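The structure appears right after this line, and notes come after that.
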Amino acid sequence: MSLAPNLMHKPLSWNDIKDRALAFANKWQNESSEDAEAKSFWDDFFNVFGVSRKRVGEFEKAVKKLDGKQGFIDLLWKGVIMVEHKSRGKDLDKAFEQALDYLPGLKEYEVPKYILVSDFARLRLYDMETASQLEFHLAEFPQNVHHFGFLAGYQKRTFTSEDPVNIEAAARMGKLHDRLRECGFAGHDLEMLLVRLLFCMFAEDTAIFEKNAFLEFIENRTSEDGSDLGLHLSQIFQVLNTAPDKRMKTLDEQLQALPYVNGGLFADPLQIAQFDRTMRETLLECCALDWSRISPAIFGSMFQAAMNPAERRVLGAHYTSETNILKALKPLFLDDLRAEFDRIKKQRPKLEEFHRRLATVRVFDPACGCGNFLVTAYRELRALELDVLATLEARKGTAQLATDVAAMTWVNVGQFYGIELEEFPVRIAEVAMWLADHQMNLQASQQFGSYFTRLPLTESAHIRHGNALRTDWREVLPPSECSYIVGNPPFVGTQMQNAAQKADIRWVFGNDKVANSLDFVTAWHKKTAEYIAGTRIKAAFVSTNSISQGEQVGVLWGELFKHRMAIAFAHRTFKWTNEAPGKAAVHCIIVGFAAKEVVEAAPRLLFEYETPIAEPHVSSVPNISPYLISAGNTLVQSRSTPLCDVPEMCKGNQPTDGGNLLFATQAERDEFLAKEPNAAKFIRPFIGSDEFINGSTRWCLWLKDSSPQELRTMPHVLERIEKVKAIRLASTKEATRKKAATAMLFDEIRQPKSSFVAVPEVSSERRLYIPIGFLPESIIVSNKIQIIPQGTLYHFGVLTSEMHMAWVRVVTGRLKSDYQYSSSIVYNNFPWAESVTDAQKQAVERAAQAVLDARALFPQSSLADLYDPLAMPPALTKAHQTLDRAVERCYHAGKALATEQERIALLFGLYERYTAPLTADAERAARKAGGKMKKRK
């Protein structure tokens, strides 16, 4: 290095770079610039950026070209830039082609990110990663010098989650992790080593270290076999943790140039890792990436996933895109702050007070993982502060601001808090916040012309390593100091929770019955409600959409309403996804909530999506219900019997047989009958939701009426029964083990003795109507079909109408975004029309029969075909429209209801009235009369 001992690296300010660029252009545009002067030309060029040409590399580097011949690169700064110069007036296209010929002869980490060709009068810069180029005359260099900021450590970047460098960096770090672990270096020391390496590689690409200082030290000062690399890394870490005045005066010059980092990152001693040649090469390959392009907001999650070889195959699945993070952050507080800034930016006293207030904002993520929400929030808050500073200083001039920018930047990482269960993500989150801080400092440096960094580190994010559900959040951040809570707590359904998670959720809710019916994420909602009750703190969580549907709504919000919570904004169901290969896609919602008094003081924003992958449209509504619709706060609770006087609905038949009583295809059935022909009388069609909708059929052994003598004559049947028995005996459920005694029968039998109404439990949300129908008693239905044994044509008509579908779309549970119909929530709570006349019922029955008749016109089409929104026959569409009007007239005699919102308001009004205490016999009698339906003959 060219730096003198005890002189630590500090990049030139942009103002200095611009002055040097002007001097360089003035000097050389008047020179003859012959080949003999090339070295002086490039010495002066790199000096513009405070980089000695000696450090960049030697002239005439020998390299073997693709054709096997030897060539000589005019100048190569490994991994950064290649220079190819020609005499004045020569062809720059040929110079570029010549430079490309040298690339195959370079090692991966030597390949430059830029190629610069020149004839001393013109300069042409190629960006090899974006395939873009820029050409200008030497006299125009001062106006274009910002394009060369990467030479001084400045790079104007737009960070995108989809930038492949994020995935590539994580994959390479994962490769290094695996090799170290295979050699016995594991656990805490391995994780901390990788985090420290991450910091060093980022530092050399973002002006914390000199450009490529870390890479060049490893390449030039360590043995190629890697034997001494661990020792050198240990020394580097020790230097980074030592203040300049505490370092030995005899310290190596390159090490002396490293800054004092502090912050605890390099404080703890680690076991010295023993590297080999392969590991050293892998680390050099990691260093070769442009770490200035890394997005701290999403890299942490990928970095963590890269440590798991199985997860590394789908690295793109392991981050939350910044676009989705902002869906929570913007309506929570960023939009309000931006709007306030726009209102007051011309009023200096108010703007100064606003700036002071930004420094008091405290953001808390109690499930922070690798810190992606905190990093994004911090970056956006800093960006807002930069706009405030620019506005405040617009009339002062940049000279004064360049002196004061560090002192005037008040927002810092110490305003951000988190809790995380695992130690490794805690360390990643802390480093990610420092990286984000430095990126924003570089942006301030570029914007205001003065180099600004926060080294040594004196502030860090407050990330607590612990179980958030068992931790007292007040010890992490007192509510009196907290401004906002935000995050993406773990998505674990009620059936997928392990023993520890079940214990945690019971701890939070203090009620086994409540806890056993809720997803894991709801524990964070409950803890948050307790924490923010009686304060002005606002909170927002990304959650699975299941907590806004079905039984969980009543259970969860029954608890939250006890703490006087209300919903301030909400995103209805959308796909929480990213654009990388192997991407994860979960159907999510975002719920922003706060104390009722806080919510009532501002507009309530509802973000709705036409499809889960569409862009949202937002509307301001009077109230957002727990079902995430514009409605009151009525909760639909689970019921075991219908609210109205209608036939009961139940599930179909459940085999619990391990597939041994079933035949998936007709071929499988026929093969069995060839061996066991006497079983023919006991084989029946068997359908679930999928078969019912798609027109396919499975088959089952229905041995309900078989005699012992008959069974004993069928050895292949007995063999299957024996397997059913074994499966049931192995069950953890006592009730199932008892059913081993009757292994020839389905576990649960509810088969009607006459035709019945069948409702598929799962159906696509794309359909306007759930395909409901009648089935004969000869067809055995699985537990994936809900059945109404006493259902009539009238019941069928109401259930397959637009009115019932409006109710379904609000209260039903979902499987991803598909409807998951249940009797306890949907059917049993559905408010049937009251005081329905015979004429109205007959109109519904006629229209319902017309729907069945329209279906019958297409005997080769399945219900999936008929109800595909793009293929639905006009005759069926028209029949449904007639049925919709007939059902609506049972509820509403006036003008037709124009929107689904009007239908929901009507239905919830009825539901509230039906479920309210009834004190008058007349009301009770009227409701019973309206709900009692004529049985279908």
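The structure presented is a predicted model; accordingly, all values stated were derived computationally and were not measured.
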Taking C-beta and beyond as the side chain, do Ile208 and Pro259 meet within less than 4.5 Å on heavy atoms? yes

Please find the pair of heavy atoms, one from Leu337 and one from Arg357, that lie closest to each other, and give the distance. CD2-NH1, 4.3 Å

Is there side-chain contact between Phe266 and Cys200, with at least one heavy-atom pair below 4.5 Å? yes

Closest contact, heavy atoms only, Arg382 versus Val411: CD-O, 3.6 Å

Restricting to non-hydrogen atoms, name the atom on Leu560 and the atom on Ala529 that form the minimum distance, rounded to 0.1 Å. CD2-CB, 3.7 Å

Which word best sums up how the rings of Phe341 and Phe354 line up, parallel for under 30°, tilted for 30 to 60°, or perpendicular for over 60°? parallel

Taking all non-hydrogen atoms of both residues into account, name the closest pair between Leu435 and Phe199 and its distance. CD2-CD1, 4.1 Å

Relative to each other, are the rings of Phe333 and Tyr484 parallel, tilted or perpendicular (30° and 60° limits)? parallel

Parallel, tilted or perpendicular: which describes the rings of Tyr627 and Phe908, with under 30° parallel and over 60° perpendicular? tilted

Checking Phe593 now: which residues fulfil ring-ring contact (aromatic ring centres under 6.0 Å, His included) with it, not counting sequence neighbours? His525

Closest approach of Arg196 to Leu265 (non-hydrogen atoms, all atoms of both residues): NE-O, 2.9 Å

Matching residue for His462 among Phe364, Tyr417, Trp473 - test: ring-ring contact (aromatic ring centres under 6.0 Å, His included): Tyr417

CH2/Trp507: more than 12 non-hydrogen atoms of other groups inside 6.0 Å: no

Taking NZ in Lys502 as the centre, count heavy atoms belonging to other residues, nucleotides or ligands within less than 6.0 Å. Is the count above 12? yes

Search all heavy atoms of Ala570 against all heavy atoms of Ile624 and return the closest pair with its distance. N-CD1, 4.1 Å

So, are Arg338 and Asp387 salt-bridged, with charged N and O less than 4.0 Å apart? yes

Main chain of Val521, side chain of Asp519: is a donor-acceptor contact present, judged purely on distance under 3.5 Å? no

Polar side-chain atom of Glu380 near backbone of Ala377 as donor-acceptor pair, under 3.5 Å: no

